[in-house]
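What follows is a set of notes on a single structure, which appears directly below.
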Amino acid sequence: MKQRAEIMTENAVRVLLQTLTRNFNDTGIVLDQYEATHDDRECDLSRTYSALVAGHFALKEAIDKINNQLNRK
């Protein structure tokens, strides 16, 4: 039972990292496209763009935090 819970936890962390990474990459693509088609003023005024930027960097922070936790000795 204990070993099963440990395996399930490892799998959940692996899938979580994959999902976060995929979402980080996808939001990065969208942000790049938005920035390519809008000037700085338009970016500054867009609440949805700002929200996506915040989410994008929150994803990166979560990925880094998980990886740092896993790499501790």
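Count residues from 1 along the sequence. Side-chain atoms are counted along with the backbone in the values below, which use heavy atoms only and exclude waters and symmetry mates.
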**Request:** Begin with the C-alpha distance, continue with both residues' side-chain angles, and end with the deciding distance and a verdict on side chain to side chain donor-acceptor pair (under 3.5 Å) for Tyr49 and Glu35.
**Result:** CA-CA 9 Å; Tyr49 171 80; Glu35 291 163 359; 2.4 Å; yes
**Message:** For a 4.5 angstrom cut-off between non-hydrogen side-chain atoms, does Asn11 reach Arg14?
**Reply:** yes
Rounded to the nearest 0.5 Å, what's the gap from [atom1] on [X] to [atom2] on [Y]? Could you check?
X     : Y     : atom1 : atom2 : answer
Lys2  : Ile7  : NZ    : CD1   : 13.0 Å
Leu20 : Leu16 : CG    : CG    : 4.5 Å
Asp64 : Gln69 : CG    : CD    : 13.0 Å

Closest contact, heavy atoms only, [X] versus [Y]:
X     : Y     : value
His38 : Glu42 : CA-OE1, 3.1 Å
Cys43 : Ser50 : O-OG, 4.2 Å
Ile66 : Val13 : CG2-CG1, 4.1 Å

**Prompt:** Is the count of non-hydrogen atoms from other residues, nucleotides or ligands lying under 6.0 Å from Gln3 atom CD greater than 12?
**Reply:** no
**Request:** Please say whether more than 12 non-hydrogen atoms of neighbouring residues, nucleotides or ligands are located less than 6.0 Å from CG in Asn67.
**Result:** yes
**Message:** Using a strict threshold of under 4.0 Å (side-chain N to carboxylate O), is an ion pair present between Asp26 and Arg22?
**Reply:** no
**Option among Thr37, Ile29, Leu31 that satisfies the side chain to side chain contact (heavy atoms under 4.5 Å, CB included) test with Gln33** = Ile29
**Prompt:** Same cluster for Phe24 and Leu52 if Ile/Leu/Val/Met/Phe/Trp/Tyr side chains link at under 4.5 Å?
**Reply:** no
**Message:** In this structure, would Phe57 and Leu59 fall into the same cluster of hydrophobic residues linked by side-chain contacts under 4.5 Å?
**Reply:** no
